[in-house]
Structures are given as C-alpha cells and as structure tokens.
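In what follows, every chain begins at residue 1, and chains take the letters A, B, ... in the order their sequences are listed.
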Amino acid sequence: MEKKYDFTKREKKWGRFWEKENVYKFSPESKKDIYSVDTPPPTLSGKMHIGHAFSYTQQDIVVRYKRMTGKNVFYPFGTDDNGLPTEKLVEKEKKVRIFDMERKDFIKLCQKTVKELRPAFIQDWKDVGMSCDFELEYSTITSEIQKLSQKYFLELYKKKRAYKKEGPAVWCPVCQTAIAQAEMEDKEKEGVFYDISFKTQKGQITIATTRPELLASCVAIIVHPEDKRYKKFVKEKATVPLFGHEVEIIKDKEVDKSKGTGAVMCCTFGDVTDIEWFYAHNLPLRVCVNKDGKLNELAKKYKGLSIKEAKEKIVADLKKESFIKKEENITQITNVHERCSAPIEIIPTNQWFIKCLDLKKELLKMGRQLSWTPPHFKTRYDNWIKGLRWDWCISRQRYFGIPFPIWYCKHCNKEVAANIKDLPVDPFSSKPKKKCCGKQDFIPDKNVLDTWATSCLTPQIAQNLVKNKKVKEKLFPMSLRPQSHDIINFWLFYTVLRSNLHFKKLPWEEVVISGFTLDEKGEKMSKSKGNVVEPKTVIEKYGADALRYWTASVGFGEDIRWSEKELQAAKRTLTKVWNASKFSISHLENYKPKKSIDKKKLEEEDKWFLSKFQKTLKEYTSHFEKHHYQKARRVVDSFFWNDFCGNYIEMVKKRLYNEERNPEGARFATYHCLLGIMKLYAPFIPFITEEIYQGHFNKFEKEKSIHLTDLPKIEKELSFPSSMKNIEDIIEIFTAVRKFKSEKGISMGKEIEKLTIQTENKSIAKNTAVIKDTLKVKEIAFGRGDVRISDKLFLKIED
RNA sequence: GGACGGUUAGCUCAGUUGGCUAGAGCAUCUCGUUUACACCGAGGAGGCCGCAGGUUCGAGUCCUGCACCGUCCACCA
C-alpha cells in the first residue's frame, strides 16, 4: 500500500470500477427483498449545487446501508429537464429570449441544450459517489415519458378530475404563464400607500391602495359592515377617478377597519382577496392588464403602458386633479414568482386544473400512514393540505414541456382527446383520427403540462424502467422517497395526490427529509446571495469521501453549516483510516483469515476488542434502522479511533512484531474487526473503504466490491462480558500512568521500572503481560499503591 | 396572525425511559517524535444547559409562560 492516499486518483479509479463492473446494478432475477428508491430527479442546470451533494449523499448513505443488509436495491437516476426551469436555463445558456423565437425552433434549441449539458451534469452525481444504477436512467422530456405523462393525464380527464376552466389564475407576466399556488413566494418591496378619494352622492369616500394603476379595473368599494364612518355610503355609487365608471359601495367583514382608510377598492384582479370578493358579491369582470403585463383598452389613454409606467402616469394625473389625499411610503410584502421574482398578477384565463379540494380528508389520512423522518415534517404536509384553496393548475403557457393531448374543433370548439394508443402526441404536428362537425379541422391545445405534473409520476416512471412484469409489480409502492423539505408542498404532495387518484395507494412506505446547506454565517446558501460553495471545488480539495463524511455529521431534517474546518477534520479521519489499515494489513500479510477461532488462542485484550465490536455493531444497526445515520457514524468513529487506534493496536503491537502471546488471536481479531470497520464505514466513505478492501480483503472475501458484501452479523460467541470489564479496568490504569508521564514530562516511550497495583479486580493479575507491553513497564507488583486513581484503584509508579 | 424546529464550553454539536460530578470534535494552553500516523499521542483549562415559574427526594431532560433565531403557511387592499 502506498504511503500516502491519493484520493483524486483513487476516487476516479473506483468510480470507473463500479461503473464497469456494474456494482450497483439492479438485478430483477435476484430473490432478495427489493428496496426501491424514488430518487429525486434533479432539475437540469449547469452543475451540481452543494445542497444537492448534501442531500443526495444522505440518501445514498441510507441506500448503501440497505444494500449491505442484503436488500436488492432498486435505485434509479433521472433528470427533470422540461418546462419552465429548463427554458430559463436555455435562455441563459444560449442568450436567447423565448418570445423572440418560433415555438418549434425554441423547442429544438432546448432539446439540443439538454443533450449537451446532461452528461456532465450527471457525472457530478457519480463523482460524489452516488450508488444509483445509472443504467436505470430517465429524462422527463423523452417521448416515452411524454407518453406516460399524457396517459395519466387522459385518465384523469376521462374521470373528469382534470378539467378546463376560465377563471382568475395566478399569472407571471414575465414568464407569461399561469403558475400554481405553491410557486408563489413572498418578497419585501418598497411601495407607496395612496389615499384616493371617490365622488358619491353623499360626498367623498377615500380608499387606500398600493395599486392605483388598477383603477380601471375597480369594480366595487368595500367597507366593514360595522364601520360607522362608512355606514351612510353603503349601497351608494361611487365614481372612479380618471376613468369615470361607477362602482357600488358594499360591505364585507373581511375588510380590516384599521388598515389604511378602512375602505378598500376591489379590482379584477389586484390580489387573492379580490377573487373571493368577486365570487362572493357576484361582481362584474373588468380586466385591464394583459397577459404580457401591459394595460389594455379598458385603461383608455394608458393603454399599452406597462404596470410600472402606468402607475407613474396615473399617480401624476390623480395628483393633478387632487384625488390623492395622502401618500405614505411603506415596505409591503408582495407575491412574486419563485422562478423569476417578478410580481405576479391575477388574470382570468382558460386553464387546466386537477380537482383536489374534495380529497383533503383522504390526503391527510395518507399522510398519517406514511412514515416520516424526521416525524415533525408531517405537520407541514398537514398544514399545507388544510390551507389549500384552489385546485391544482397544471397548464403552463410555455413551449418546452409535455403538451396536452387535446385539440379543439375549429367549428364547434369541442374538446377532442387523443387515443391512448396514439400517445405520445404533439397536437401541433398531428391531428385526431376522428372527425368533428364532419371535418378534420382542429386547433391544438397550446398549453404544456406543469413540470410537477410529470415529475410527481416518478414512481411510475421508475417502475417503467423495468420490463419484467412480475418485478415491476413489486416496485410499487416504493420503499423510500428521499427529498428536501422545501418541496413537501409540491413534489411530495403532488405525488401522493396522483397516487391516490390513479391507484388509491400510498406511493411509498417512508419518506426521509433533508435540510439545507448554510454558509459559515448560518445563512442559507443561494445563488442570488453569492455565498455558494461548489461541490466540485470541495471534491478537488478534500475528496468526495471527505465531503460525504461531513454531510453525515447532521441527520435528516437538519441544516448543515459550511465549515472548512470540518472538512479538514473529515480528511484527517480518512488519513487515520488509511494509516491504521496500512499498518494492520502489513501484519496480516501471511495470515489466512478464519471464520472462527479456538478461544484458547484469544488473549483478554482480543476478547475485549471483539466484544466491543459486537456492541458497536449493535448500536450502529439500531441507529441505521431509525435512519439516524449520523449517530451510526459517531459510533464507528469512536470504536475506530479510540478502541482500535488508541488502545487495541497499542496493546497488540508487541505480539504482532515478536510473534509472542498468541499472535494468532491478535491477527484474528485485527482482521475481523478491521474488515468490520471498513464495512461499517463503507456507506459513508465508499471510495477509501473500497481501496482498502481491494488492497487486501478481496483476496479472501468472495464479493468483488466491499459494497456488495453484507454487514457483519452479531456473533454471540465473540462476546466476552468479563473481558470487557477487565480490560476497561486495565485501560483505567493506562490512563493513570499516561497522565503521570505527561505531568512529569516523560515521553510515552520511556520505560517504567516498577508499577505497583492495588485493586479489587483479581483478574488483572492474570493479564500483566498486556500492561507491560502497552505501558512499557519492566516489573509489575501487587500491593499498596500511594496514588489514588479511584475508590478501587491505587497505584505506585517508579520511573 | 398560525404551525413546526432550535437555544448546552470561544465555535459546531452529543446528551436514550428524569439519576449528570453535563460529554465529543475544532480552537486554546502544557508536555511528548523516530518499528502505523505531526493529517500524531498524552494531559490541562474552559459550562447560572436562553429566561422565569412549577412538578419531584432529584430537572439539561417533564409541565406552564416568556424571549430570541430559523423555516413553512396565512395576511399582504
């Protein structure tokens, strides 16, 4: 074994080895229990983010553990590369703008870009040591998946679960598409709160608004029913300044009397409450904002202006005519689109929805049946469902996505759906087989499906990667869904919803939720803040194993803080693993491992060490079974560093060098436990453990990779409780003597003339050899000690 | 406004069903190098366990209230 471990070279080597040897390949013919993982398909972007490295490593650790407990692991890998996020990526990468291009050209460019970027992007996942079967691979824009997604859409369409409706929808004027409730985000903005007076028969009424540009859309003024100031105005008509149309003054208890002037104008549509009032009071529709965010003819002379320009002009004109009574600068919170940060508008459009509000009870029940790690994230799921107000809007007015397999008859406007056997279908380039109104004149549905409407089908997509029917059936429901908490409201919720609608089943047995990566200051890492650390840089500097080791220091659901120091510590552990293995193996070269050993050949320290390993194994397993991998890692750390390196090696060194006192027993315990430690570490640091396994152990073990071996089994015959106690008492003596040396400034290597031990534990007298070896003591005696170590132990040390 | 999580050594965090004289790693200080490892070893110093009450023989751990930090949801006229 080389003196220094060159992680860059070795990690590349083993990465290639795993791929070439198909180490992580799913075997449909295997008789083992299947453990199936609904791997999150990352949204295709230039490169992997550190948050990805963090959360994917955590799930990979769990999966690797499962593999080593004898499960037949089904762990596919896909990328999500259609829809808005991909369009945004292409616009940025290729420096184009979607609305400047023809639909088909833009789609072509998207396809080309995806093809270019995808391999390098996936490589990042391989480099971090993911143990997916990369041959079980999918991309959410392929025709196969289009077919699958369209098929499930049609299923809902036929059940009338998917429906098209004209109505106010949340709209992003920059992306020019409808978006779903979950895609909105809060953002603080500076704004101005204007008091604007309206004329009525009974005098002036003053409303407060931050959006004077929507005056043209004003359809009512609303006051609180118990507001004395405005009682006399109720049911009166008010004239809208600048635009002159009349609106009614009505009452509604949703109005906050203390806000602004206590009177509010209702526009179609300024915000979400306007929608409620619009329906509740049966108000007329007056839409003055177009889909591109510009005002229309209803805005009269302001037509064609953007919202921002219109606001300036309208405010100026209102001031000129003294309609503005007061203005106040405020910081307000506005809803913006999470993908582009543009303030959203509410515009009535024709959109496709999936009806889900009637399923709240069932969905809550499914949440209860699912096993959550950590458990408290279930509450977030519950809260989201309880707070749902709209059906899921699944249509987007974009180009690069999965089209709706729907046409409309040019003559009667009737919807015509594609046949399932003809899928996938692009309604732009094909036509329905049947006729309508005696002709085949159709126009395509121009919408594409929301990306989530496809990505929430990952269990079905994954299942479809396997051809064997029997095996396929075993893959659903899946065992595990790993994901981060920020998309509980999207991906997790939608997957449960679809699974309910199509199969009436939970999609998985359990879900594990990972947290975020924070920078040194504890702030969330994000591209916009510019505080991101790139996994590639970390891997180059410290190696993937170190990165993984670090990510395993916190558990599921917990955020992790970036710290260079922690990475250095991780690397130190890896060096220690390397050095300890190298040393141990150098003494095992001529040793042929045995399954069992004659107990007479075991010294007390061997028995202690083997017992301690049994204990470690037990704790490790129990932590992992609860998905507490971070605790499992700590258990191994402690066993490896303290018991193995700190004590055991020191105790048996002399035996190994000089072939005395049952060297056979020391070799047995060393081989057994070192291989054991490597296995226990393997899920965390797969590269270096593989290197060490291949450097020695594979000569005797039958599996071609450590990752295909089973974890050691608990063996009662290797547990010796009395030896545990005896060596622990002896270690107490070690500590005391080391302290004595340290205080006197004596080097640890210097010999001690005589050590007198006063103890109640009579077994220690039988094990003086190990004390002599470890502490370099010439003579050991039993009698009165003059230094009190504890109630039961006194020592006399003569140097 | 509602919900969830957090608050323990200078920093990052462990602390199972109440038994703690509160631990680990990093940082710091002292001492020690040549048959694994200075990317090392040994040892020391360092804590009103967020605050205030309560239950108990006994509270870091259980209960109540509060404060601060983080996250999600709602409000956002």
Side-chain angles (χ1 to χ4, degrees), chain A residues 1 3-5 181-182 184 186-189 191 193-194 207-211 214 221-222 254-256 259-267 270-274 277 330-335 374-389 485-486 488-489 515-516 518 520 522-524 553-555 557-566 568-587 619 622-623 630-631 634 637-638 641-642 645-646 649-650 653-654 656-657 734-735 737-750:
Chain A
M1 284 167 84
K3 191 154 191 312
K4 263 196 155 180
Y5 176 65
Q181 183 179 352
M184 289 195 280
D186 285 352
K187 202 178 172 186
E188 270 202 2
K189 261 187 69 182
F193 208 20
Y194 298 97
I207 60 103
T209 182
T210 55
R211 304 206 57 189
L214 293 180
I221 287 177
I222 308 181
E254 285 295 304
V255 174
D256 182 351
K259 195 148 198 170
T261 61
V264 52
M265 72 167 177
C266 173
C267 305
D271 67 22
V272 180
T273 7
D274 286 342
W277 285 329
I330 52 160
T331 38
Q332 55 171 346
I333 295 151
T334 45
N335 278 325
H376 69 257
F377 279 110
K378 181 186 158 285
T379 316
R380 194 176 287 187
Y381 171 85
D382 290 348
N383 287 345
W384 174 253
I385 291 176
K386 287 177 193 159
L388 272 180
R389 299 161 78 182
H485 61 76
D486 56 334
I488 289 175
N489 303 341
F516 286 139
L518 310 175
E520 293 110 315
E523 282 181 49
K524 193 181 153 184
S553 56
V554 304
E558 293 168 332
D559 293 343
I560 196 168
R561 203 157 162 162
W562 169 254
S563 155
E564 198 93 28
K565 285 246 163 71
E566 293 294 320
Q568 283 160 4
K571 219 180 140 196
R572 214 171 299 135
T573 304
L574 296 175
T575 306
K576 190 81 177 171
V577 166
W578 182 249
N579 285 327
S581 306
K582 193 173 56 168
F583 174 72
S584 311
I585 288 169
S586 72
H587 291 289
E619 288 174 8
S622 109
H623 288 316
Q630 82 281 22
K631 292 180 185 172
R634 248 173 261 138
D637 283 343
S638 165
W641 208 296
N642 301 329
C645 300
I649 292 188
E650 294 304 321
K653 244 179 200 172
K654 232 180 146 186
L656 294 174
Y657 285 132
F734 292 173
T735 309
V737 173
R738 281 167 184 161
K739 185 173 172 176
F740 171 85
K741 281 184 172 174
S742 185
E743 276 167 359
K744 292 218 161 181
I746 304 170
S747 95
M748 291 299 143
K750 189 160 184 288

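- Contact annotation for A:S747: backbone-only contact, meaning every heavy-atom pair under 4.0 Å involves sugar-phosphate atoms and none involves a base.
- Contact annotation: A:T273 reaches the phosphate of B:C76 (side-chain N/O to OP1 or OP2, under 4.0 Å).
- Closest to the side chain of A:T379, from the set B:C4, B:A77, B:C75, is B:C4.
- Closest contact between the side chain of A:R389 and the listed nucleotides B:A74, B:C4, B:A3 involves B:A74.
- The backbone N or O of A:V577 sits less than 3.5 Å from a side-chain atom of A:S581, completing a donor-acceptor pair.
- Heavy atoms of A:A208 sit under 4.0 angstrom from primed sugar atoms or phosphate atoms, though from no base atom.
- Heavy-atom minimum distance, A:C266 versus A:I222: CB-CD1, 3.8 Å.
- Applying the 4.0 Å criterion to OP1 and OP2 of B:A74, one finds that A:N383 has every side-chain N and O outside that range.
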- Just do the salt bridge (charged side-chain N to carboxylate O under 4.0 Å, His left out) check on A:D382 and A:K378 with the steps written out, would you? CA-CA 6 Å; A:D382 290 348; A:K378 181 186 158 285; 2.7 Å; yes
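- One can find a donor-acceptor pair under 3.5 Å joining the base of B:C75 and the side-chain atoms of A:D186.
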- Query: Tell me, for nucleotides 13-18 of chain B in 5' to 3' order, what letter each nucleotide earns: B for a base near a protein heavy atom under 4.0 Å, S for only sugar-phosphate near one, - for neither?
  - Reply: -SS---
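- No hydrogens or angles were tested; on distance alone, a donor-acceptor pair under 3.5 Å links the side chain of A:N335 to the base of B:C76.
- Of the two residues contacting RNA chain B, namely A:N642 and A:G745, the nearest-nucleotide position lying further toward the 5' end is that of A:N642.
- Distance alone, capped at 3.5 Å, is enough to place a donor-acceptor pair between the A:W578 side chain and the A:K3 backbone.
- Of the inter-residue distances, the one linking A:L518 atom CG with A:S563 atom OG reads 12.0 Å to the nearest 0.5 angstrom.
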- Message: One pair to check against side chain to side chain contact (heavy atoms under 4.5 Å, CB included): A:Y194 and A:R211. What are the steps and the verdict?
- Response: CA-CA 8 Å; A:Y194 298 97; A:R211 304 206 57 189; over 6 Å; no
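- Residues A:Y5 and A:N579 have side chains not in contact (no heavy-atom distance under 4.5 Å, counting atoms from C-beta outward).
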- Note on the structure: For nucleotides 37-45 of chain B, 5' to 3', base contacts (B), sugar-phosphate-only contacts (S) and non-contacts (-) with protein non-hydrogen atoms under 4.0 Å give B-BSSBSS-
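- Of the residues near RNA chain B, A:D271 and A:F516, the one whose nearest nucleotide (by heavy atom distance) lies more toward the 5' end is A:F516.
- As judged by a 4.0 angstrom heavy-atom cut-off over every strand, A:D256 is placed among the base-contacting residues.
- Taking a pair as Watson-Crick or G-U with both hydrogen-bonding distances under 3.5 Å, the stems of three or more pairs touching RNA chain B are B:1-7 with B:67-73, B:10-13 with B:23-26, B:28-32 with B:40-44, B:50-54 with B:62-66.
- On the P atoms, B:C49 is 8 Å away from B:G60, given to the nearest whole Å.
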